[in-house]
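A short worksheet on the structure shown next.
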Amino acid sequence: MKIATYNINGINGRLPVLLKWLREAEPDIVCLQELKAPQDKFPEKALRNAGYHAVWHGQKMWNGVAIIAKGLPLEEVRNALPGDDGDLHSRYIEAIVGKMLVCCLYLPNGNPAPGPKFDYKMAWFKRLKKHAKYLLSEEVPVVLAGDYNVIPTEKDVYKPERWMDNALFFPEPRKAYKELVGQGWIDSIRHLYPDETIYTFWDYFRNAYGRNAGLRLDHLLLSPQIAPRLVAAGVDKHVRGWEKSSDHAPAWIELADEGETQS
DNA sequence: ATGTCCGCTCTAAGCGGA
């Protein structure tokens, strides 16, 4: 079972890239962020032709999240992060996929920081932590995946000193991410590769991809009820090099079948 | 500061957002 998260940065503009990657990688479940499409402009038909069912929450111009799945029942649980009915950004969707709960999130960027956008980011993070704690209390298999817009540690950025004044690397969101994971989640990629340099994002500017001047922003967190099934994880970095690609690359995990977990 | 993309808009270049 392969589960991925991919900030697509405009699902219609990048549909050929998405379809090409789906054919190549054959993920079972994908969490998508930054659809940049209203609800009725989601390419449902093209994805169905590729074999994927979808639940999504669009928004005009910005944000937008979706969960797509192949060969698995998919049932939407909620399409907003609890805790603020006045928050109209489409940044969260949650669905039961097969026998697990899949949560797809797009955490606010927060720049420029400090400022109101940074305050919104931290308020959103606080709500996420509260909801994540609730999810853990359910004691079920949960995948909490998405674009967290947080560089967790200095290992996750090519040049930490360049990012000190950026909301992605401010102490507050890094602390919040650490506390979130500390609730009992497993950061899949870091769990399997504690010391490797692994990025999921490369700026469009200054030939960042060519220089491997990247950031690790996209994370797949696992609840204890599913973490023992983790057998592999990675980033499909080459996709970032394709024509008309997103500035993010897909990050993925491979889970063993139920009942085939080691120790 | 710059750089590059997206989708939107009084459908052209200019805007916000990232």
Side-chain angles (χ1 to χ4, degrees), chain A residues 5-21 31-44 46-47 56-66 81 87-92 104-125 128 145-152 156-170 172-174 176-177 199-219 235-251:
Chain A
T5 184
Y6 188 12
N7 179 321
I8 193 67
N9 190 8
I11 192 166
N12 287 307
R14 314 222 184 262
L15 191 57
V17 168
L18 176 61
L19 294 173
K20 181 180 172 186
W21 171 70
C31 295
L32 295 166
Q33 302 86 33
E34 272 205 273
L35 304 178
K36 290 186 173 175
Q39 189 70 5
D40 62 353
K41 290 281 164 50
F42 183 84
E44 185 182 15
L47 287 167
W56 68 96
H57 193 203
Q59 181 183 329
K60 194 177 173 184
M61 281 194 265
W62 298 305
N63 308 315
V65 284
L81 184 65
D87 180 6
L88 299 177
H89 291 199
S90 295
R91 295 182 175 276
Y92 187 87
C104 170
L105 66 97
Y106 176 45
L107 211 131
N109 175 294
N111 280 304
K117 290 187 178 180
F118 186 70
D119 296 341
Y120 173 60
K121 175 178 196 163
M122 294 316 299
W124 209 93
F125 227 136
L128 177 63
D147 177 0
Y148 284 72
N149 266 318
V150 175
I151 303 165
D156 301 307
V157 47
Y158 67 103
K159 220 174 229 192
E161 63 275 19
R162 280 281 173 86
W163 291 82
M164 299 307 280
D165 59 352
N166 192 291
L168 306 186
F169 199 51
F170 259 38
E172 294 94 329
R174 289 172 60 192
Y177 183 77
Y199 302 137
T200 66
F201 167 92
W202 296 261
D203 226 304
Y204 288 122
F205 309 155
R206 299 176 293 261
N207 187 31
Y209 179 67
R211 297 184 294 122
N212 198 26
L215 311 173
R216 192 172 74 97
L217 303 178
D218 303 271
H219 313 304
V235 177
D236 287 341
K237 183 181 172 181
H238 65 285
V239 174
R240 177 62 180 82
W242 289 353
E243 193 82 17
K244 299 263 297 176
S245 83
S246 168
D247 41 6
H248 295 249

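Values below: all heavy atoms of this structure, side chains included; hydrogens, waters and symmetry mates excluded.
- A distance of about 25 Å separates the P atoms of B/dG7 and B/dT2, rounded to the whole Å.
- Among the protein residues, A/Y209 comes within range of no part of the nucleic acid, since none of its heavy atoms lies under 4.0 Å from any strand.
- Inspection of the A/N9 and A/K36 side chains reveals an N or O donor paired with an N or O acceptor under 3.5 Å.
- The same atom, P, is picked in B/dA18 and in B/dA13; the two are 27 Å apart, to the nearest Å.
- Sequence order on DNA chain B of the closest nucleotides to A/R206 and A/Y106 puts A/R206 first from the 5' end.
- The side-chain contact (heavy atoms from CB on, under 4.5 Å) check on A/R240 picks up A/W202, A/Y204, A/Y209, A/S245, A/D247, A/A249, with sequence neighbours excluded.
- Distance check on atom C1': B/dC5 versus B/dC10 gives 24 Å, rounded to whole Å.
- Rounded to whole Å, the separation between the C1' atoms of B/dA1 and B/dC6 comes to 22 Å.
- Across all strands shown, A/K117 has heavy atoms under 4.0 Å from sugar-phosphate atoms exclusively, and none from any base.
- A donor-acceptor contact shorter than 3.5 Å is absent between the side chain of A/T200 and the backbone of A/H248.
- Of all heavy-atom pairs spanning A/P43 and A/I11, the tightest one is CD-CG2, 3.7 Å.
- Shortest non-hydrogen contact noted between A/Y199 and A/V157 is OH-C, 3.5 Å.
- Nucleotides B/dG17 and B/dT9 place their P atoms 14 Å apart, quoted to the nearest Å.
- Here the shortest heavy-atom pairing between A/C104 and A/A66 reads SG-O, 3.5 Å.
- Both A/D247 and A/I11 lie near DNA chain B, and the one whose nearest nucleotide falls closer to the 5' end is A/I11.
- In summary, contact between chain A and DNA chain B, defined as any nucleotide atom under 4.0 Å from a heavy atom of the protein, begins and ends at B/dT2 to B/dA18 in the 5' to 3' direction.
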